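Here the structure is a predicted model, which means the values were calculated and not measured. Counting starts at 1 for both ligands and their atoms, in listed order. FYI, side chains are in, hydrogens and waters are out, and symmetry mates aren't considered; it's all heavy atoms of this structure.
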Amino acid sequence: MKIFACIATAAALLALSAPASAQFAKPEDAIKYRQSALFVMGQHFGRIGAMQAGRVPFDAKVAADNAEIVAEMAKLPWAGFGPNTDKGTTKAKPEIWTEQAKFKEGNEKLMAETAKLAAAAKTGNLDSLKTAFAATAGTCKACHDAYRNQ
Ligand code: ASC
């Protein structure tokens, strides 16, 4: 019985520490967290980019593995854009906090497009991958144009 209670408590704690409800000790940690998540996502997205552009040979398995990471990473940065994280070492524009609904729409669009990218990569079809890659890159760019300083 005690063991079950322990497992239940551990499970509850794990659920509470899920990325969507991530808490940060200080604003700088939140900024570093979102930048790190975006950086890792960019690295894996770039590897797919090189393949779909023909700069490196297409390997369906490598593309699928990278796309899966991109789709998972796409869920993470948004928890790092909480209150009081608008100042510091950041290119984030103030509009992120004044246009919360629109920013959230962009976050959701990226998660949707990266999920499609992962699905497309899984098929092993290069043309599908190219289409999904372009759509995803478009959502990256739209948000960068609107919400990121150069
Ligand atoms: C990438 C990357 C981005 C996007 C963006 C798309 O590979 O790191 O931030 O694509 O450049 O326009």
Side-chain angles (χ1 to χ4, degrees), residues 11-150:
L13 283 173
L14 262 181
L16 283 173
S17 64
S21 60
Q23 298 293 312
F24 302 96
K26 45 188 195 298
E28 301 92 285
D29 288 356
I31 292 171
K32 198 169 167 187
Y33 175 89
R34 73 197 187 208
Q35 288 171 344
S36 304
L38 288 161
F39 177 76
V40 171
M41 179 163 50
Q43 293 294 300
H44 291 278
F45 190 57
R47 290 171 198 170
I48 301 168
M51 269 189 270
Q52 64 86 41
R55 289 194 300 274
V56 305
F58 175 55
D59 181 321
K61 168 88 168 76
V62 173
D65 288 350
N66 279 293
E68 209 167 289
I69 295 169
V70 169
E72 279 306 307
M73 294 309 296
K75 300 171 186 172
L76 301 184
W78 325 122
F81 288 93
N84 306 315
T85 63
D86 55 334
K87 303 270 184 324
T89 311
T90 178
K91 292 182 192 161
K93 286 188 183 172
E95 283 79 2
I96 289 172
W97 292 272
T98 56
E99 298 174 4
Q100 289 262 284
K102 208 170 146 231
F103 182 64
K104 189 160 185 272
E105 243 174 61
N107 304 168
E108 278 161 6
K109 183 103 195 333
L110 184 76
M111 290 188 267
E113 293 301 341
T114 54
K116 285 190 217 166
L117 177 70
K122 232 173 240 156
T123 68
N125 182 293
L126 181 56
D127 285 332
S128 304
L129 183 70
K130 283 182 185 178
T131 304
F133 181 88
T136 304
T139 65
C140 297
K141 186 175 184 321
C143 255
H144 289 163
D145 288 350
Y147 297 116
R148 184 179 69 169
N149 285 313
Q150 290 312 300

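Shown here are the side chain to side chain donor-acceptor pair (under 3.5 Å) partners of Q52, two or more places apart in sequence or in another chain: there are none. In this structure, the side chain to side chain donor-acceptor pair (under 3.5 Å) partners of T90, at least two apart in sequence or on a different chain, are R34.
Screening residues 36-60 for salt bridge (charged side-chain N to carboxylate O under 4.0 Å, His left out), with sequence neighbours left out, gives no hits.
Among protein residues, G42, F45, A137, C140, K141, H144 come within 4.0 Å of ligand 1, judged on heavy atoms.
For the pair W97 (side chain) and K93 (backbone), a donor-acceptor distance under 3.5 Å is absent.
The shortest distance between side-chain heavy atoms of I96 and D86 does not fall below 4.5 Å.
Between E113 and K116 a salt bridge is recorded (basic side-chain N to carboxylate O distance below 4.0 Å).
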